[in-house]
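In what follows, a structure is listed as structure tokens, so that the remarks can point back to it.
Since the structure is predicted, the reported quantities are computational estimates derived from the model, not experimental observations. Sequence lines set the chain letters: A, B, ... in the order given, protein chains first and strands last, and positions in each chain run from 1.
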Protein chains: 2
Amino acid sequence: MADVNVSTLSHSPKDPAKGAGKLDDSQGNGGIPAVELIELLFFAYRDFVGDADELLARLGFGRAHHRVVHFVNRHPGMRVADLLAVLKITKQSLGRVLRELVDNGYIDQKAGATDRRERLLYVAPKGEELARQLVTLQTRRFARALNECGPGAREQRESSSLP
Amino acid sequence: MADVNVSTLSHSPKDPAKGAGKLDDSQGNGGIPAVELIELLFFAYRDFVGDADELLARLGFGRAHHRVVHFVNRHPGMRVADLLAVLKITKQSLGRVLRELVDNGYIDQKAGATDRRERLLYVAPKGEELARQLVTLQTRRFARALNECGPGAREQRESSSLP
DNA sequence: AAAATAAGTCAATATGGCTGACGTAAACGT
DNA sequence: ACGTTTACGTCAGCCATATTGACTTATTTT
């Protein structure tokens, strides 16, 4: 499950990067074609989030719950509006997820001190523990990914996994 | 729409990184806490894919179509099985998306030369043009993101957008 | 000839987004 | 003090994308 692979497809007659355009290297990315960065981001996100998915599924949660727990853990006392702005989803979408987390004791809500319309969000102990486990999982994957990106990683990648 | 922001939330009483664990720095990530990398990946993916979504929506397509066009463009002649392995979805999920792309003339299928059960995938001219446009969009965003990550970017980020 | 493989398909289901409409409580403005 | 705005919640319905399971068709392998 660790295959952040890009280049080794069994049947690839021609391949040569096509007219894809490179990034202006003045910013210091090592002249990597943009297309490769794009793919890298796709694979990173796919694998990265996959690990956590398994743990979450056992609790009956999904990625949406993950994101909420994560950000509330990182920014205790944030308002619902803040969370909406960060996630860039609608309040209706958030609503379901947030309610489940509150009902199951992962997130606590408190009315704001100065403005009592606000519902400030905090992780309950249960939620903090979950956040910790998720971060651990993802940190491990990051460590593995960075290992593979060390010196000589490129050659390694060229000749690994996939079909 | 360029806000890859993390740290500036209006109501954040306490914040101090909590017990999150840093990556072993032996791999040369600048000692950035893992949690920040995790968030960075989330924001990157969210914004990154958002640009393309608009263009795709106008064609009646979604992210799934994007991924297919992208990978087929990158690896012409790949088999359906290869695509499934790369995307890590089921053939039923791929089926619908692929059919739409073929029906609308973005993707061509040819029976394999040696094994005629295989349906080798190629982008049609229409598909190549779409892929080109999408890469251009994403490359632009990458360029912008890298700009913001240049020297001094950290301080900039601390004092920008969000609510 | 039989078995395995590549692909396609039907059907049912779940998740996580969305829009639109509406309700409630609290704060703000004039 | 009253009307407006804000923060949040919720009902209802829609859509895109993913899932599992069962089955078909063609073709290759054994």
Side-chain angles (χ1 to χ4, degrees), chain A residues 9-11 42 45-46 49-50 52-54 56-70 72 77-103 107-121 163, chain B residues 9-11 42 45-46 49-50 52-54 56-69 72 77-103 107-122 163:
Chain A
L9 286 166
S10 12
H11 295 239
F42 166 73
Y45 195 78
R46 180 199 66 178
V49 123
D53 282 350
E54 295 176 32
L56 291 159
R58 270 177 261 145
L59 300 169
F61 292 151
R63 290 183 190 179
H65 304 83
H66 183 173
R67 296 197 274 260
V68 170
V69 168
H70 176 93
V72 172
M78 77 191 299
R79 298 170 305 157
V80 171
D82 295 332
L83 197 45
L84 290 176
V86 169
L87 301 177
K88 287 192 181 162
I89 58 175
T90 59
K91 69 178 165 181
Q92 295 91 327
S93 298
L94 179 57
R96 242 190 333 225
V97 168
L98 193 51
R99 183 165 7 98
E100 287 168 357
L101 287 170
V102 169
D103 288 352
I107 298 272
D108 289 334
Q109 290 180 315
K110 289 199 301 186
T114 63
D115 184 338
R116 288 180 31 226
R117 289 172 305 182
E118 297 174 347
R119 298 297 165 83
L120 306 187
L121 303 172
Chain B
L9 285 165
S10 12
H11 295 241
F42 165 73
Y45 196 78
R46 181 200 64 179
V49 124
D53 282 350
E54 296 175 32
L56 291 159
R58 271 177 261 144
L59 300 170
F61 292 151
R63 290 182 189 182
H65 305 83
H66 183 173
R67 297 195 276 258
V68 170
V69 168
V72 172
M78 76 191 301
R79 298 170 308 157
V80 171
D82 296 331
L83 197 46
L84 289 176
V86 170
L87 301 177
K88 287 195 181 158
I89 59 175
T90 59
K91 70 178 166 183
Q92 294 92 325
S93 299
L94 178 58
R96 181 184 43 87
V97 169
L98 192 51
R99 186 170 358 102
E100 289 168 355
L101 287 170
V102 170
D103 289 352
I107 298 271
D108 289 333
Q109 291 180 313
K110 289 201 299 185
T114 64
D115 185 338
R116 288 181 30 227
R117 289 172 304 182
E118 298 173 346
R119 300 297 166 84
L120 307 187
L121 304 173
Y122 299 88

inquiry  = What's the closest nucleotide to the side chain of A:R116 if the choices are C:dA26, D:dA18, C:dG17?
reply    = C:dA26

inquiry  = How many whole angstroms separate atom CZ of A:R79 from atom C1' of D:dC8?
reply    = 11 Å

query = Which pair of non-hydrogen atoms, one from B:V86 and one from A:F42, has the smallest distance, and what is that distance?
reply = O-CE2, 4.1 Å

key: Side chain of B:A81 - closest among C:dA7, D:dA7, D:dT17   = C:dA7

inquiry  = Between P on D:dA16 and CG on B:L87, what's the gap in Å once rounded to a whole number?
reply    = 19 Å

inquiry  = On DNA chain C, compare the nucleotides closest to A:A113 and B:R119; which residue's is nearer the 5' end?
reply    = B:R119

ask   = What are the two closest heavy atoms between A:L56 and A:G62, and how far apart are they?
value = CD1-O, 3.7 Å

Rounded to 10 degrees, the angle between the two terminal axes of the helix from C:dA1-D:dT30 to C:dT30-D:dA1, each from five pairs = 20°

query = So, is A:R96 near the phosphate of C:dG16, with a side-chain N or O under 4.0 Å from OP1 or OP2?
reply = no

message = Between B:L121 and B:V80, is the side chain to side chain contact (heavy atoms under 4.5 Å, CB included) condition met? List the steps.
response = CA-CA 7 Å; B:L121 304 173; B:V80 171; 4.2 Å; yes

key: Protein-nucleotide distance (A:L94, atom CG; D:dT10, atom C1'), rounded to Å   = 13 Å

query = Of the candidate nucleotides D:dT10, D:dA18, D:dT19, which contains the atom at the shortest distance from the side chain of B:R67?
reply = D:dA18

message = What contact category does B:E100 fall into here, base, sugar-phosphate, or nothing, at under 4.0 angstrom with non-hydrogen atoms?
response = nothing

ask   = Which listed nucleotide (C:dG16, D:dC23, D:dT27) is nearest to the side chain of B:D115?
value = D:dT27

ask   = Are A:S93 and C:dG16 close enough that a side-chain N or O sits under 4.0 Å from OP1 or OP2?
value = no

inquiry  = Taking the minimum atom-to-atom distance to the side chain of A:R117, which one of C:dT9, C:dA27, D:dC8 wins?
reply    = C:dA27

message = Which residue in the set B:R79, B:K110, B:Q109 passes side-chain contact (heavy atoms from CB on, under 4.5 Å) when paired with B:E118?
response = B:R79

note = Testing C:dC18, C:dA27, D:dG9 for proximity to the side chain of A:L98, the answer is D:dG9

inquiry  = In this structure, how many angstroms lie between the P atom of C:dG16 and the NE2 atom of A:H65, rounded?
reply    = 6 Å

ask   = Rounding to a whole Å, what distance do you find between A:K88:NZ and C:dC18:P?
value = 12 Å

note = Which of D:dG9, C:dA6, D:dT17 is nearest the side chain of A:K91? It is D:dG9

query = Between A:R46 and B:A85, which heavy-atom pair has the shortest distance, and what is it?
reply = NH1-O, 4.0 Å

ask   = Any side-chain heavy-atom pair from A:L94 and A:L83 closer than 4.5 angstrom?
value = yes

request  = Rounded to the nearest angstrom, tell me the gap between atom CD in A:Q109 and atom P in D:dA7.
outcome  = 16 Å

ask   = Of all the nucleotides listed (C:dA7, D:dA12, C:dA26), which has the minimum atom distance to the side chain of A:Q92?
value = D:dA12

task = Would you kindly give the CG-to-C1' distance between A:L101 and D:dG9, to the nearest whole Å?
result = 16 Å

query = Reckon A:G62 touches a base, only the sugar-phosphate, or nothing at all at heavy-atom distances under 4.0 Å?
reply = sugar-phosphate

inquiry  = Below 30° counts as parallel, above 60° as perpendicular, anything between as tilted: where do the rings of A:H70 and A:H66 land?
reply    = perpendicular

key: Value in whole Å for how far the P atom of C:dT5 lies from CG of B:L84   = 16 Å

key: Least distance between heavy atoms, A:L87 atom then A:R67 atom   = CD2-CB, 3.9 Å

